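Take a look at the structure set out below.
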Amino acid sequence: MLEIRNLKAEIEGKKILNGINLTVNSGEVHAIMGPNGAGKSTLSSVLAGRADYAVTEGEIMFEGKNLLEMSPEDRAREGVFLAFQYPVEIPGVSTTNFLKTAINETRKYKGLEPMEATDFLKYMREKMELMEMDKSLTSRSLNEGFSGGEKKRNEVFQMAMLEPKLAIMDETDSGLDIDALRLVSNGVNKLRNKDRSFVVITHYQRLLDYIVPDFVHVLYKGRIVKSGDASLAKELEVKGYDWIKAEVEAAQ
Amino acid sequence: MNQEKENEDIIEQVVSQEYKYGFTTDIEMEMAPKGLNEDIVRFISNKKNEPEWMLEWRLKAYRHWLKMEEPDWQNFKYPKPNYQDIIYYAAPKEKKKLNSLDEVDPELLKTFEKLGISLQEQKRLTGVAVDAVFDSVSIATTFKEQLKEKGVIFCSISEAMHEHPDLVKKYIGSVVPYTDNYFAALNSAVFSDGSFVYIPKGVRCPMELSTYFRINAENTGQFERTLIVADDASYVSYLEGCTAPMRDENQLHAAVVELIAMENAEIKYSTVQNWYPGDKEGNGGIYNFVTKRGSCEGANAKISWTQVETGSAITWKYPSCILKGDHSIGEFFSVAVTNNMQVADTGTKMIHIGKHTRSRIVSKGISAGKSHNTYRGLVKVAKKADAARNYTQCDSMLIGDRCGAHTFPYIEINNKTATVEHEASTSKIGEDQIFYCNQRGIGTEEAISLIVNGFCREVLNQLPMEFAVEAQKLLAVSLEGSVG
């Protein structure tokens, strides 16, 4: 599904990603962990196509297409979803209206007719039940005045609505208390299936207690320096990142 | 990265996209000679076969205008129009008196069809009566008969002068006298047509009334005059729309609108203004210098102005309310969008005279390109206006960093029991907001439209349903290519 080869990226001349290689197959959940400043959020931004970052080398193939040649909106329409670390507020635009626009723009891209209003509402109701979303949330202005937990749940709800092939979750656990974390993780687990892949970016292991990954990768200084299964995350929880840093220094 | 290149392409594409309503209609016209003098005023009055009192009033206005000076307190510069270089009367050549729509020149019907306004009554399912004004004259007014049954008068002002002279004579100039300002004086002297509405006592007008203004001819000015009288305990909702062809020169549009609401009456006046804005270098476009004012004459009267201003090279107007009746209410809801080199200096005046009068002002200014957008408003509470209340909210949104937003609120309070609140905010459309939308599959143009519509929600909600959709689309079109 996703094939990242020797990806190098920088922002304002500062090199952040220094040759990332990662393969994600359908249905797999990959966790990307690493200390602060390792390049985790940069990786998610580059995948989603944020213009601030310049890709200097390498390629990203998504379902056989060159992702780097696509605009951010086309990447989304092709099935790449980013759950933001800091979801943005859009005053006066309800979540309902926002999602209707998003879905219909994607349908237009695929040459489909826009969804009928009644069909859309029915579809949304189903997803709200599935995600155990509070009704009032969808009629409020998008993310405006939402608590941290509400914002993250809204991200996962949007994911459920847009049904992406690849979901990238950028530090979705940051700022969540344990109850909110459980709710958000439950939502994500409901969306796991054999056709949908996840790249879960996190600083802490605790999220991975709920969303159990198939693979864990450690990102350090813009490179994946260690990969393993879910047990690697447990090991990091106990030992921290210093031993990995030491390993890397030693290897150099 | 490719992204930037792509953005440039989109912008290029959109900027080169033409003003959709910029076509001209090829039709035989009858015109007055260029220039302005007493003979021209007589010519217009004569063309319309007006009663003597009307001509006298026009001449008084003209003579007064000669003594006035063009104002220069506004927040923009413009080359003063050469008033001797304008044609003050242009009308499609009429071969005979029209008895029904079937007799309207098909070329004209086609023009209005093209603008999305069907004058064929059977085709209008929405239940909106339309008065269509082409250059200087009213072409057709639909649903006249149905309105007549309720006693509602809806016709061109020229017709009203003949059919209902007492009403016209009584109210014309009663809210905006010809001495009011330079452009009102000019309008009073040379106004060619416009709409007249009278709603009798206790009648709720059964449908939306709408006037559609179209400037077609070259070198002409448009000076229409609208007069709406809502008698005791009546209600009317009225909407005006306007477009013009694309021309390199600036064309002057100086209209006057007067509203009169009697005891317990309510008038809702909505404007969707889409005159040609000029090209992106600022060549051409309409000078929209308009005087709009309503008077709440009786107790509990209510006047609401809602305006969505997207067109014109310069928009300069302050739809106002004079709150004479006790407990009367004035409202002003405005969205003004400026892009490229456009200028808007707009707002309202709320004059509290009666006791317990209330007013509410919600203004949303959006500036993009190199445009300048000014809110200017006056809230005045007279000595005897006990317990008057005003709430003003002015929000500005900037798109890009070459535009400007300005706010000039004037407050004059002469009564200690008044409560006046003013809130203002300025925000910038964020790259973050746009990227967030992009990441959900929403393209940049669509994202701006979504964000701007959200910003204007409160005002758009005031528009009649059908026009709200229209206005939303218009906002999107006006801002196309505004993000670089």
Side-chain angles (χ1 to χ4, degrees), chain A residues 9-10 44-56 66-84 86-95 97-110 141-144 155 158-159 161-162 164 168 170, chain B residues 1-11 13 333 335 362 364 366 393 395-397 423 425-462 465 468-469 471-473 475-476 483-484:
Chain A
E10 54 183 53
S44 69
S45 292
V46 169
L47 284 169
R50 201 186 270 276
D52 311 346
Y53 297 90
V55 172
T56 51
N66 186 344
L67 207 60
L68 293 175
E69 281 180 357
M70 285 184 223
S71 65
E73 55 271 30
D74 282 352
R75 297 180 198 200
R77 292 162 184 166
E78 289 284 345
V80 176
F81 181 94
L82 172 63
F84 284 64
Y86 304 108
V88 177
E89 297 182 1
I90 306 186
V93 178
S94 66
T95 302
N97 189 14
F98 179 73
L99 283 171
K100 203 167 118 200
T101 308
I103 283 178
N104 284 335
E105 286 269 294
T106 299
R107 289 177 67 88
K108 193 160 86 186
Y109 175 79
K110 291 177 177 162
S141 284
L142 187 65
N143 292 324
E144 197 183 30
E155 291 293 288
Q158 291 182 41
M159 189 195 292
M161 288 290 288
L162 295 168
I168 304 152
D170 189 8
Chain B
M1 256 172 71
N2 290 321
Q3 180 58 28
E4 259 165 49
K5 167 87 178 67
E6 212 158 299
N7 274 346
E8 270 168 33
D9 286 351
I10 294 173
I11 288 158
Q13 211 179 323
F333 300 96
V335 170
V362 178
K364 306 274 181 178
I366 298 136
Q393 184 190 335
D395 298 320
S396 307
M397 177 177 267
E423 281 182 28
S425 77
T426 303
S427 58
K428 215 175 154 189
I429 253 191
E431 290 291 320
D432 281 356
Q433 286 177 318
I434 291 173
F435 180 68
Y436 190 75
C437 293
N438 286 163
Q439 212 302 306
R440 299 300 186 249
I442 302 169
T444 301
E445 296 289 343
E446 190 69 26
I448 291 168
S449 158
L450 196 71
I451 294 163
V452 167
N453 272 299
F455 176 71
C456 303
R457 176 88 8 231
E458 270 171 282
V459 174
L460 296 177
N461 283 347
Q462 298 294 328
M465 190 58 183
V469 176
Q472 278 188 27
K473 282 187 200 149
L475 288 185
V483 166

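Note that this is a predicted model, so its numbers are computed, not measured. Chain identifiers are assigned alphabetically (A, B, ...) following the order of the sequence lines, protein sequences preceding nucleic acid strands; residue numbering begins at 1 within each chain.
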Practice item. Evaluate the side-chain proximity of A:P72 to B:F435: yes if any heavy-atom separation is below 4.5 Å, no if none is. Key: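 Yes, their side chains come closer than 4.5 Å.
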Practice item. Using the side chain to side chain contact (heavy atoms under 4.5 Å, CB included) rule, take A:R50 and B:D432 through it: C-alpha gap first, then chi angles, then the decisive distance, then the call. Key: CA-CA 9 Å; A:R50 201 186 270 276; B:D432 281 356; 3.3 Å; yes
Review point. Taking B:I442 as the fixed residue, which of A:N104, A:T106, A:T101, A:I103 is the one that meets the side chain to side chain contact (heavy atoms under 4.5 Å, CB included) rule?
Key: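 Exactly one candidate clears the test, A:T101.
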Review point. Does OH in A:Y86 sit with more than 12 non-hydrogen atoms of other residues, nucleotides or ligands closer than 6.0 Å?
Key: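 No, because the 6.0 Å sphere around OH of A:Y86 holds 12 heavy atoms or fewer from other groups.
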**Study point:** Residues forming a ring-ring contact (aromatic ring centres under 6.0 Å, His included) with A:F81, sequence neighbours excluded
**Key:**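 Applying ring-ring contact (aromatic ring centres under 6.0 Å, His included) to A:F81 gives none.
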Check your understanding: Which pair of heavy atoms, one from B:G441 and one from A:E105, lies closest together, and at what distance?
Key ->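 Closest pair (atom of B:G441, atom of A:E105, distance): O-CB, 3.3 Å.
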Check your understanding: Which answer fits A:E89, side chain, backbone, both or neither, if we ask what part of it has an atom under 4.5 Å from a heavy atom of chain B?
Key ->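 Backbone only.
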Practice item. Give, as side chain, backbone, both or neither, the part of A:P87 having an atom under 4.5 angstrom from any heavy atom of chain B. Key: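 Both backbone and side chain of A:P87 come within 4.5 Å of chain B.
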Exercise for review: Using the side chain to side chain contact (heavy atoms under 4.5 Å, CB included) rule, take B:C437 and A:I90 through it: C-alpha gap first, then chi angles, then the decisive distance, then the call.
Suggested key: CA-CA 10 Å; B:C437 293; A:I90 306 186; 3.7 Å; yes
**Study point:** B:Q439, part contacting chain A, at a heavy-atom distance under 4.5 Å
**Key:**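 Backbone plus side chain of B:Q439, per the 4.5 Å heavy-atom cut-off to chain A.
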Check your understanding: Under a 4.5 Å heavy-atom cut-off, does chain A meet the side chain of B:Y436, its backbone, both or neither?
Key ->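 When you check distances to chain A, atoms from both the backbone and side chain of B:Y436 fall under 4.5 Å.
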Review point. Considering residues at least two apart in sequence or located in another chain, which fulfil the salt bridge (charged side-chain N to carboxylate O under 4.0 Å, His left out) criterion with B:E458?
Key: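 Expected list: B:K364.
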Practice item. Indicate yes or no: does B:R440 engage A:E155 in a salt bridge with an N to O separation below 4.0 Å. Key: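 A salt bridge is present here (some side-chain N lies under 4.0 Å from a carboxylate O).
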Review point. When heavy-atom pairs shorter than 4.5 Å are enumerated against chain B, which of A:L162, A:L99, A:V93 gives the highest number?
Key: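 If we count pairs closer than 4.5 Å to chain B, A:V93 comes out on top.
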Exercise for review: Under the side chain to side chain contact (heavy atoms under 4.5 Å, CB included) rule, what do A:N97 and B:L450 come out as? Steps first, then yes or no, please.
Suggested key: CA-CA 9 Å; A:N97 189 14; B:L450 196 71; 4.3 Å; yes
